[in-house]
4 protein chains.
Amino acid sequence: MILKFDFASKVPLYLQLRNQIVIGIAEGKLSPGEKLPTVRALADESGINSMTVSKAYQLLKQENYIVTDRRGGTAVASQTPEKVDARTVHALRLHISELRISGMSKEDVLDLCAKLYEEGDQK
Amino acid sequence: MILKFDFASKVPLYLQLRNQIVIGIAEGKLSPGEKLPTVRALADESGINSMTVSKAYQLLKQENYIVTDRRGGTAVASQTPEKVDARTVHALRLHISELRISGMSKEDVLDLCAKLYEEGDQK
Amino acid sequence: MILKFDFASKVPLYLQLRNQIVIGIAEGKLSPGEKLPTVRALADESGINSMTVSKAYQLLKQENYIVTDRRGGTAVASQTPEKVDARTVHALRLHISELRISGMSKEDVLDLCAKLYEEGDQK
Amino acid sequence: MILKFDFASKVPLYLQLRNQIVIGIAEGKLSPGEKLPTVRALADESGINSMTVSKAYQLLKQENYIVTDRRGGTAVASQTPEKVDARTVHALRLHISELRISGMSKEDVLDLCAKLYEEGDQK
DNA sequence: GTGGTCTAGACCACA
DNA sequence: GTGGTCTAGACCACT
């Protein structure tokens with residue numbers, strides 16, 4: 001899995017990392033149970049400080065996206081129960097509003113959403 | 001139009017304000033050409049610093065959601081922005097990923113998106 | 001409120017701080033709505049690094065014990081809804097087991113628990 | 001006696017093992033004098049490294065919960081430790097604080113403590 | 001070798 | 001002035 005960071009972005013690095021991993025899981029680039037790189041390995045290869053990587057991992061863990069086994073290593077959670085976050089729906093509402101204002105029809109928006117959802121099917 | 005702020009949120013206040021106005025426009029609570037309260041009035045009634053309100057207005061102006069008329073009043077733009085922001089699509093992808101992981105089917109997601117889009121029709 | 005740290009303890013400093021604040025709230029030394037010292041002030045007066053204090057505050061925030069208002073400052077939450085944590089009950093079970101093995105009768109244990117609970121009443 | 005481990009927990013495995021044995025003793029699932037499995041056997045059946053099991057046994061020995069007999073076997077001590085650990089009381093205070101903040105009345109807390117204590121009576 | 005903790009000092013966004 | 005982010009480098013507990 002390839003990671004990209006925008007060091008000029010206002011979005012903090014640890015969130016950029018977290019988001020890429022979430023998307024990776026949803027789109028099948030990361031499978032449940034698959035091992036993730038160690039904190040230090042990921043830090044080295046991406047040029048990010050290990051504390052920053054650690055912060056992202058801790059957030060993902062807290063959100064039940066990943067699990068770290070005490071016997072070593074971190075992996076994508078096999079169980080991702082998790083209720084739908086109200087903030088996610090709220091954010092969705094905002095972004096759909098932005099698309100609507102920019103002139104997209106309901107069909108266009110739904111097509112876009114369908115396309116985005118399906119990225120996870122063609123893995 | 002009623003404004004609500006979460007002072008404990010991670011989202012900055014000026015963005016919360018900006019987002020509510022964008023949603024308001026998309027969902028028809030604010031009509032093109034409609035006048036917005038002055039910075040001062042909005043600041044007073046919502047308990048937010050006027051610098052913060054001003055920042056939100058400036059952002060909205062820059063994004064072409066609102067315009068300042070000759071006499072200094074502010075109103076919803078009649079010409080809405082036409083370009084779709086790449087960041088919006090990226091954010092949409094993230095949030096759809098989150099919904100997918102939490103177990104929602106494609107149909108569920110599309111229903112939700114349709115519902116969110118339609119909020120602007122029933123004003 | 002007086003804070004004490006055991007720099008030799010195996011319990012991490014940020015947890016020691018978190019625990020003292022939780023106990024302080026329960027025992028009435030900190031009232032709902034009361035302002036907490038700033039991260040830096042607390043760091044200075046206790047000789048702990050500010051990142052460590054920040055970590056404690058973030059944990060307390062996540063647990064809904066405290067709230068930070070975007071307009072500045074952090075305060076004890078006035079609403080502490082929060083469900084009872086299963087881990088708390090589990091830990092309680094362990095500690096009561098330890099007391100039982102060391103020979104304390106049920107009455108002694110309940111007296112101790114009652115005494116500990118009541119510390120919050122005599123503020 | 002059934003052992004369960006949470007490999008994703010923040011509590012180290014050797015402590016999880018130690019805690020389960022302490023609770024087992026208090027609640028009568030393990031009787032004074034009863035033999036414990038060998039380090040190796042316990043390690044194999046639970047998927048834990050034998051160094052980790054050994055560490056737990058050493059800790060329990062040091063706390064006088066278990067003893068090693070002449071031939072190297074390990075058994076639950078018949079002489080139980082008599083001193084109440086100050087840390088136990090401190091931990092109890094913390095957990096009772098957490099329960100109190102989450103809205104439990106003194107009666108609720110004492111009922112819970114009584115119930116937890118009594119688990120050892122109904123074996 | 002793994003993640004977790006801590007420090008000292010710096011910079012930035014927000015209000 | 002507030003909290004949030006990030007770095008570089010160190011030490012430690014656990015397995």
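So you know, we letter chains A, B, ... as the sequences are listed, proteins then strands, and number each from 1. Keep in mind the model is a prediction, meaning the values are calculated, not measured.
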- Item | Sugar-phosphate only, base, or nothing, as touched by T74(C) at under 4.0 Å among non-hydrogen atoms |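 Result for T74(C) = sugar-phosphate.
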- Base, sugar-phosphate, or nothing for L13(C), non-hydrogen atoms under 4.0 angstrom?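 Here L13(C) touches the backbone only, sparing every base.
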- Query: Mind checking who dC14(F) pairs with, Watson-Crick or G-U wobble, both distances under 3.5 Å?
  - Reply: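 Looking at the geometry, dC14(F) pairs with dG1(E).
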If you compare every side-chain N and O of [X] against the phosphate oxygens of [N] (OP1, OP2), does one of them come in below 4.0 Å?
X      : N       : answer
T38(C) : dG1(F)  : no
K55(A) : dT7(F)  : no
K61(A) : dG4(E)  : yes
R70(A) : dT15(F) : yes

- Message: Assuming nearest nucleotide by heavy-atom distance, tell me which of Q58(A) and L15(B) is located more 5' along DNA chain E.
- Response: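 The residue whose closest nucleotide sits nearer the 5' end is Q58(A).
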Mind calculating the distance between [atom1] ([X]) and [atom2] ([N]) to the nearest angstrom?
X      : N      : atom1 : atom2 : answer
Q62(C) : dG4(F) : CD    : P     : 13 Å
L17(A) : dT5(F) : CG    : P     : 14 Å
M51(C) : dT2(F) : CE    : C1'   : 16 Å
R18(A) : dT5(F) : CZ    : P     : 13 Å
L59(A) : dT5(F) : CG    : C1'   : 14 Å
L42(A) : dG3(E) : CG    : C1'   : 14 Å
I66(C) : dG4(F) : CD1   : C1'   : 14 Å
K10(A) : dC6(F) : NZ    : P     : 14 Å

- Query: Given side chains that start at C-beta, do those of V76(A) and Y65(A) come closer than 4.5 Å, heavy atoms only?
  - Reply: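 Not in contact.
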- Query: Has the side chain of R40(A) got a donor or acceptor that lies under 3.5 Å from a partner of the other kind on the base of dG3(E)?
  - Reply: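 Side chain to base: pair present.
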- Test: E27(C) and R100(D) ion pair at under 4.0 Å: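 Looking at E27(C) and R100(D), the cut-off is not met.
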- Whichever of L36(C) and T52(A) has its nearest DNA chain F nucleotide further upstream toward 5':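 By nearest-heavy-atom nucleotide position, the 5'-most residue is L36(C).
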- Item | Residue closer to the 5' end of DNA chain F, G72(C) versus V11(A) (nearest nucleotide) |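 It is G72(C), whose closest nucleotide lies nearer the 5' terminus.
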Any sub-3.5 Å donor-acceptor pair from [X]'s side-chain atoms to [Y]'s backbone N or O?
X      : Y      : result
E98(A) : V22(B) : no
D69(B) : G73(B) : yes
T52(C) : I48(C) : no
R70(C) : K10(B) : yes

Looking only at the side chain of [X] (C-beta and beyond, no hydrogens), which of the listed nucleotides [options] gets closest?
X      : options                  : value
P12(A) : dG4(F), dC6(F), dG4(E)   : dC6(F)
N49(D) : dA15(E), dT15(F), dG3(F) : dT15(F)
Y14(B) : dT5(E), dT15(F), dA15(E) : dA15(E)

